[in-house]
Amino acid sequence: MTGSVIVTGMSQAASGEPTFDFSTNVGSLELNTPILTASGCAAAGRELDNYFDITAIGGIVTKSIMLAPRSGRATPRMAETPSGMLNSIGLQGPGVESFIENDLAWLQQRGARTIVSIAGGSAEEFGKVAAKLRIAGGFDAIEVNISCPNVEDRGQVFACRADTAANVIQTVRRNSDSRIPIFAKLSPDVTDIVEIAASVAQAGATGVSVINTLLGMVINTSSMRPALAGVTGGLSGPAIRPVAVRCIWQIRNALPDLPIIGMGGVRSGHDALEMVLAGANAVSVGTSIFNDPSAPMRIQNELEHELRIRGFTKFSQAVSHAHREIDSTLQINTAIDDLDPTDENWDFISE
Amino acid sequence: MYIGMACSVASMNSGAIQVMGEVLDVQRTGKYFVMSVTAPGIAERTQPGQFVTVGMGGEESSMILRRSFAIQRVQSRGIYGGTLEFVVSPVGKGTRWLTKLRRHDPLNLVGPLGKPFTLPTKAVTCVLVGGGYGSAPLIMLAESLRDRGCRVDTIIGASTEKKLYGELELKRVSTSLTLTTEDGTAGVHGRVTDALENILESSQVDVVYSCGPMPMLASVAEVSTARKVFSQCSVEESMACGIGVCMTCVLPVVGDDGITRMLRSCVEGPVFRGDRVRWSDVGTIPDGTLGKEVVRP
Ligand SMILES: Cc1cc2nc3c(=O)[nH]c(=O)nc-3n(C[C@H](O)[C@H](O)[C@H](O)COP(=O)(O)OP(=O)(O)OC[C@H]3O[C@@H](n4cnc5c(N)ncnc54)[C@H](O)[C@@H]3O)c2cc1C
Ligand SMILES: Cc1cc2nc3c(=O)[nH]c(=O)nc-3n(C[C@H](O)[C@H](O)[C@H](O)COP(=O)(O)O)c2cc1C
Ligand code: FES
């Protein structure tokens, strides 16, 4: 299933198949398709455009940008882990002005839907970055990275407390155009993620992006020291997917109307479907891009297939479908194993 | 001396593609394995110094990161289309998995990646220095330089004979070949930089090209720059994506404006000017680097 390579941006509208409505409304953010890139895993889209048409997916979420240029952490910055990786990049970036001039301008000229991820060391910095973006314009939404465990803030991150998280979101909201949707990116490293989600929603967030990386650590047994120069790092990739699904489920359960962008270890359309069923209105693909540069496009095509074979005619029907009442009225095919011809495997008959 | 280094390809890897290749052959040589694979579309575009990344362990593998390998040679082979070769030193899970592959096994390849060596526009005198499997990309480089009429003196070295690589191929394409081993099991007893200093002392050299372990590159760059010889070094930094999107593979490099930046070795390298990399600061963010946070007491 994950074998397709050199995928181009063509939609898989195979002849004869009924049309499928892939659009999604993530609050006021309307997207043609629900697949996005995850912040920090796609830079500003330019490199990936070489592997697939970046305008054919839902949108590009750019690397979190701060007010000033930033060199990031010392190397080594990554370590591979079982079905995942740790990273400790430390938000290396060119600063918001250069970002607006080069990256945002390019994305706009390319015609890609753009969600700008912003970060800051203080609520004021977040506000200043948002203010600069407001003047520049030319993007569709803001994702507020309040949860990056790499930013040194005396060991604390904004996302781990409801009040600090809400404070940042309020500041960003005040400094942004009121029509711009704002998503708060939450950390799973909290006791009660629902409490944080509720507080950022209260503070003016359009929705939430879940999840950011989990804090982890690897020790190099040759040097017998921490593998990362930054000692700890953020765990991402398929290893964290069940944590992401759980977080999405809990937030959806508690806040049925809150728009959710789901992410964490999505590697196939099947994985993306799992998040959608749990409650995600859109799905971001991160670490899997490192494994397969065309992953977002491939996963989008696979997700459409997964939805079609289950009998969905609209993406929106599948959102939160795992939360449905037993007596749901929607006629959806749940016995897909009988239907999918690709499952037929008679190779064992050798004649 | 101005030798007119050709300005090279786009820095965005704009020609890179992902293809499903097939293993044609796995040959053991010393401590290494040479893999020949079909890579239609990649092989045709490869320039010396570029690399490929290889997906590990199949589609559902728990090794989610691709591994990088320098391309040592490309060929056009009739029915296979473009094929390429790279050499693997089995040092860990992924590289050991690779060396167990056999003819006809599929291989997921992305390439050609990275900035190639810049080639002189005139027939100049070049010294190539390779350490361990670092001599692999020098094979393709030496061929290109000879095609341009350059003199190519090659030095390859390793800690011990079994870790020397590319002797036969490099002997064929170089004007002269010097071998060094640190334990004296083959060639000259000593390091490649000793041999490099001898050549730089005895003859007029225009460019030094080098690939190998970082400490070796640091000495090669230092020796060359001290004698005002232009050098290009291909570095090896740990990479997560290999295509410029993750910022894992950075090292401190001084720009034309004198400012140090943390550059991505997968797209802005792996080939850098030897006099521009802050070798002794690799692994750190040296003071003065653009965007380095000033730590408050
Ligand atoms: C541009 C470039 C060219 C290279 N060319 C060659 C070559 O021609 N022949 C060859 O044998 N090796 C080459 N290497 C090194 C090779 O990529 C590593 O040896 C390999 O990734 C190790 O993988 P592993 O699973 O065996 O080791 P593990 O230690 O299990 O790897 C764990 C993780 O660390 C990374 N890693 C570990 N060691 C290195 C290293 N030395 N460099 C980069 N990443 C590393 C791996 O990619 C992986 O993500 C090159 C590296 C780079 C960056
Ligand atoms: C190398 C790397 C860099 C990242 N940088 C950022 C970042 O700048 N801002 C952010 O909000 N999340 C960042 N993330 C987190 C991802 O956006 C995502 O939330 C997380 O990795 C889980 O998804 P995944 O498993 O699909 O990667 C980064 C992740 C990785 C692996
Ligand atoms: S390895 Fe990802 S940017 Fe170089």
Side-chain angles (χ1 to χ4, degrees), chain A residues 1-7 37 40-52 63 66 68-85 87-95 121 152 227 229 236-239 265 267-268 286-294, chain B residues 10-21 41 53 55-56 58-67 92-94 106 108-110 237-252 259-262 264-267 281-286 288-293 295:
Chain A
M1 180 174 59
T2 54
S4 60
V5 286
I6 330 184
V7 192
T37 59
C41 302
R46 218 186 287 217
E47 292 83 2
L48 293 185
D49 203 26
N50 192 48
Y51 299 91
F52 66 94
K63 168 89 189 160
M66 301 182 78
R70 206 173 142 101
S71 63
R73 285 260 170 77
T75 56
R77 288 179 171 184
M78 73 94 176
E80 196 184 50
T81 60
S83 292
M85 65 176 283
N87 87 80
S88 152
I89 308 295
L91 294 176
Q92 179 170 346
E152 280 159 344
S236 65
R267 190 178 191 172
S268 67
T287 304
S288 292
I289 292 172
F290 307 162
N291 178 263
D292 170 9
S294 58
Chain B
S11 61
M12 275 306 188
N13 290 321
S14 48
I17 56 168
Q18 179 170 200
V19 297
M20 219 54 199
T53 60
M56 292 289 119
E59 284 171 19
E60 297 298 318
S61 172
S62 69
M63 287 184 275
I64 54 155
L65 300 178
R66 310 175 69 85
R67 307 305 197 246
K93 273 199 315 288
N108 186 318
L109 301 163
V110 171
E237 274 290 340
S238 197
M239 294 178 178
C241 74
I243 58 169
V245 296
C246 75
M247 312 303 283
T248 292
C249 59
V250 298
L251 75 178
I259 295 172
T260 300
R261 294 180 177 78
M262 298 306 290
R264 295 164 298 176
S265 58
C266 65
V267 287
D281 296 320
V282 170
T284 71
I285 312 288
T289 301
L290 182 70
K292 177 166 178 165
E293 277 192 305
V295 183

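A note on names: the letters A, B, ... follow the listed sequences, proteins ahead of strands, and every chain is numbered from 1.
Every residue two or more places apart in sequence or in another chain that forms a side chain to side chain donor-acceptor pair (under 3.5 Å) with A/Ser236 is listed here: A/Thr287. Residues forming a side chain to side chain donor-acceptor pair (under 3.5 Å) with A/Ser288 (at least two apart in sequence, or on another chain): none.
Contacts of B/Met56 with chain A are absent, with no heavy-atom separation under 4.5 Å from either backbone or side chain. Heavy-atom distances place the backbone of B/Thr284, and not its side chain, under 4.5 Å from chain A. Residue contact with chain B, scored on non-hydrogen atoms closer than 4.5 Å, involves the backbone of A/Ala42 exclusively. In this structure, the portion of B/Val110 lying under 4.5 Å from any heavy atom of chain A is its side chain and not its backbone. In this structure, the portion of A/Pro238 lying under 4.5 Å from any heavy atom of chain B is its side chain and not its backbone.
Options A/Ala239, A/Gly237, A/Gly84 differ in how many heavy-atom pairs under 4.5 Å they form with chain B, and the most are formed by A/Gly84. Options B/Thr289, B/Val250, B/Leu251, B/Val282 differ in how many heavy-atom pairs under 4.5 Å they form with chain A, and the most are formed by B/Val250. The most heavy-atom pairs under 4.5 Å with chain B, out of A/Lys63, A/Met78, A/Arg77, A/Glu80, come from A/Glu80. When the candidates B/Cys249, B/Cys241, B/Pro252 are compared by the number of heavy-atom contacts under 4.5 Å with chain A, B/Cys241 comes out ahead.
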query = Going through the distances and angles, do B/Asn108 and B/Met20 end up as a side-chain contact (heavy atoms from CB on, under 4.5 Å)?
reply = CA-CA 5 Å; B/Asn108 186 318; B/Met20 219 54 199; 4.0 Å; yes
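A side chain to side chain donor-acceptor pair (under 3.5 Å) with B/Thr53 is found for one member of B/Gln18, B/Arg67, B/Arg66 and no other, namely B/Arg66.
Using a 4.5 Å heavy-atom cutoff, the side chains of B/Met262 and B/Ile285 are in contact. Using a 4.5 Å heavy-atom cutoff, the side chains of B/Ile243 and A/Tyr51 are in contact.
For the atom pair SG (B/Cys246) and CZ (B/Arg264), the distance works out to 9.5 Å, reported to the nearest 0.5 Å.
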